[in-house]
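Since the structure is predicted, the reported quantities are computational estimates derived from the model, not experimental observations. As a basis for the values below, the full set of heavy atoms in this structure was taken, side chains included, without hydrogen atoms, waters or symmetry mates.
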Amino acid sequence: MVAKNLQDKTTLHNGVKMPWFGLGVFKVEEGPELVNAVKTAIKHGYRSVDTAAIYENEEGVGQGIREGIKEAGIPREDLFVTSKVWNTDLGYESTIKAYEASLNRLGLEYLDLYLIHWPVEGKYKDAWRALETLYKEGRVKAIGVSNFQIHHLEDLMKDADIKPMVNQVECHPRLTQKELQSFCQEHEIQLEAWSPLMQGQLLDNEVLQEIADKHNKSVAQIILRWDLQNGVVIIPKSTKEHRIVENANVFDFELTKEEMEIIDGLNQNVRVGPDPDNFDF
């Protein structure tokens with residue numbers, strides 16, 4: 001089932017519905033540009049916003065959400081808001097406190113999805129117990145992880161009552177994550193891509209440009225469409241209105257099986273972000 005429009009949703013294993021397409025705000029600083037980006041995205045039909053404690057921009061995101069839902073005339077329930085607990089807060093009590101702090105900064109009563117940001121050895125299991133508590137108490141709609149490899153997921157699920165609903169990882173045509181995706185599909189964990197455009201590094205790729213020309217689309221649109229056809233949730237980041245609109249304009253064409261395979265073939269297992277097996281923060 002490929003998303004037909006910007007409001008289309010995937011159903012997580014607990015029955016909660018999550019939009020296939022959202023706005024990411026990584027590295028967007030607090031301030032009018034951020035507030036405006038969130039508001040603009042909501043105004044143009046986006047229904048999902050992804051932030052994190054470490055981005056230090058939850059207050060602006062919250063303000064953008066308030067202004068956006070007012071302008072779009074929609075209830076809070078129509079939005080899907082994600083945040084993440086940072087590494088220094090990974091512990092049972094500290095994770096619950098971190099969740100409350102995020103809600104406070106966002107000015108929201110609940111989150112739709114709360115993620116463990118990185119698999120810090122020896123810490124993520126306690127944090128996961130905290131997420132399970134928040135979930136069982138009905139304080140968050142869904143829980144998941146970010147940057148978890150297969151072995152992290154296996155380790156987590158050995159002791160978990162509830163398996164993660166989402167795993168948000170770096171994923172783009174140079175890092176296609178096929179093995180991880182198969183594992184996630186097997187366990188009904190929705191894969192979500194951060195940095196789907198490889199932080200802009202793929203935008204002048206000749207192979208992608210050729211496919212883009214065929215469809216009269218931009219390279220960014222080709223990559224985002226490839227993700228959707230692969231069943232991956234995406235949260236491309238932009239602060240410019242025309243780009244926010246352009247990124248979401250991917251529902252009026254389809255990549256052929258052959259084009260999908262060509263894009264898959266660009267994989268080199270290359271990361272722009274840290275390696276989840278070897279990070280020191």
Side-chain angles (χ1 to χ4, degrees), residues 12-14 16 18 22-31 34-35 38 48-66 69 76-77 79-149 152-153 155-169 189-190 192 194 235 237 273-274 276 279-281:
L12 305 178
H13 72 67
N14 66 335
V16 164
M18 174 182 193
L23 179 76
V25 295
F26 174 57
K27 283 190 175 158
V28 187
E29 285 177 24
E30 282 286 18
L34 167 70
V35 174
V38 174
S48 168
V49 183
D50 177 279
T51 184
I54 194 67
Y55 303 168
E56 297 186 336
N57 61 13
E58 289 173 312
E59 283 170 13
V61 169
Q63 193 186 330
I65 286 171
R66 283 188 293 284
I69 59 181
R76 154 71 180 99
E77 292 69 43
L79 274 195
F80 192 95
V81 184
T82 303
S83 194
K84 313 176 192 85
V85 53
W86 185 241
N87 303 351
T88 46
D89 288 323
L90 294 182
Y92 184 77
E93 297 296 340
S94 48
T95 295
I96 288 178
K97 280 202 187 93
Y99 179 73
E100 285 159 359
S102 280
L103 282 187
N104 210 4
R105 288 189 292 265
L106 285 156
L108 297 174
E109 285 170 18
Y110 67 92
L111 285 181
D112 297 275
L113 178 63
Y114 197 47
L115 305 176
I116 292 178
H117 208 147
W118 286 90
V120 180
E121 226 35 76
K123 282 188 160 182
Y124 59 75
K125 286 195 180 184
D126 282 340
W128 187 252
R129 282 196 308 120
L131 264 58
E132 289 180 331
T133 297
L134 290 165
Y135 177 71
K136 287 172 185 168
E137 289 176 355
R139 296 173 65 194
V140 62
K141 304 277 187 224
I143 51 176
V145 294
S146 183
N147 302 303
F148 275 49
Q149 310 267 55
H152 296 125
L153 289 167
D155 182 49
L156 185 72
M157 292 193 299
K158 272 207 309 260
D159 304 308
D161 283 344
I162 300 165
K163 61 186 174 182
M165 285 133 208
V166 172
N167 184 17
Q168 184 188 116
V169 298
I189 299 167
Q190 175 63 53
E192 178 177 19
W194 61 258
I235 41 167
K237 178 202 116 184
F279 61 94
D280 55 359
F281 46 81

Novice: For Q168, is there any backbone N or O sitting under 3.5 Å from a side-chain donor or acceptor partner on S146?
Specialist: yes
Novice: Under 3.5 Å, sequence neighbours excluded: what are the donor-acceptor pairs made by side chains of residues 128-135?
Specialist:
| from | atom 1 | to | atom 2 | distance (Å) |
| --- | --- | --- | --- | --- |
| W128 | NE1 | E132 | OE2 | 3.0 |
| W128 | NE1 | I162 | O | 3.0 |
| E132 | OE2 | D161 | N | 2.7 |
| E132 | OE2 | I162 | N | 2.8 |
| T133 | OG1 | Y92 | OH | 2.8 |
| T133 | OG1 | R129 | O | 3.1 |
| Y135 | OH | N14 | ND2 | 3.0 |

Novice: What residues form a salt bridge (charged side-chain N to carboxylate O under 4.0 Å, His left out) with D89, not counting sequence neighbours?
Specialist: none
Novice: From L79 CG over to I65 CD1, what is the distance, rounded to the nearest 0.5 angstrom?
Specialist: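 One gets 6.0 Å once the value is rounded to the nearest 0.5 Å.
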Novice: Closer than 3.5 angstrom, by distance alone: can the side chain of E30 be matched with the main-chain N or O of G60 as a donor-acceptor pair?
Specialist: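 Here the side-chain-to-backbone pair exists.
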Novice: Is it true that K237 and D50 make a salt bridge, defined as a side-chain N closer than 4.0 Å to a carboxylate O?
Specialist: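 Salt bridge between K237 and D50, a charged N being under 4.0 Å from a carboxylate O: no.
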Novice: Could you tell me if the side chain of K125 sits less than 4.5 Å from the side chain of D155, heavy atoms only?
Specialist: yes
Novice: Is it true that a side-chain atom of H152 and a backbone atom of V145 form a donor plus acceptor pair closer than 3.5 Å?
Specialist: no
Novice: Any sub-3.5 Å donor-acceptor pair from D112's side-chain atoms to T82's backbone N or O?
Specialist: no
Novice: Minimum heavy-atom separation for L90 to A127, with atom names?
Specialist: CD2-CB, 3.5 Å
Novice: Under the criterion ring-ring contact (aromatic ring centres under 6.0 Å, His included), which of F148, W86, Y124, W194 is the partner of H117?
Specialist: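 Running ring-ring contact (aromatic ring centres under 6.0 Å, His included) over F148, W86, Y124, W194 with H117 returns exactly one hit, W86.
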Novice: Supply the atom-to-atom distance T88 OG1 to I54 CD1, rounded to the nearest 0.5 angstrom.
Specialist: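 Result: 6.5 Å between the selected atoms.
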Novice: Checking H13 side chain against V166 main chain: does a donor-acceptor pair fall under 3.5 Å?
Specialist: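 Judged by distance alone, no pair lies under 3.5 Å.
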Novice: Between T51 and E58, is any side-chain donor less than 3.5 angstrom from a side-chain acceptor?
Specialist: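 On atom types as modelled, these side chains do not qualify, holding no pair under 3.5 Å.
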Novice: Give a yes or no on whether the backbone of Y110 and the side-chain of R76 come within a donor-acceptor separation of less than 3.5 Å.
Specialist: yes
Novice: Taking the six-membered ring of Y114 (Phe, Tyr or Trp), confirm whether the NZ or CZ of R139 is under 6.0 Å from its centre and within 45° of its axis.
Specialist: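 No cation-pi geometry.
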Novice: Restricting to ring pair (Phe, Tyr, Trp, His ring centres under 6.0 Å), what partner residues turn up for F279, sequence neighbours left out?
Specialist: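 Expected list: W118, F281.
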Novice: Could you give the distance from CZ (F80) to NZ (K141), rounded to the nearest 0.5 Å?
Specialist: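 The distance works out to 10.5 Å.
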Novice: Would you compute the distance between atom OG of S102 and atom NZ of K97 and round it to the nearest 0.5 angstrom?
Specialist: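 S102 atom OG to K97 atom NZ measures 14.0 Å (nearest 0.5 Å).
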Novice: Do L113 and M18 come close enough that some side-chain heavy atom pair is under 4.5 Å?
Specialist: yes
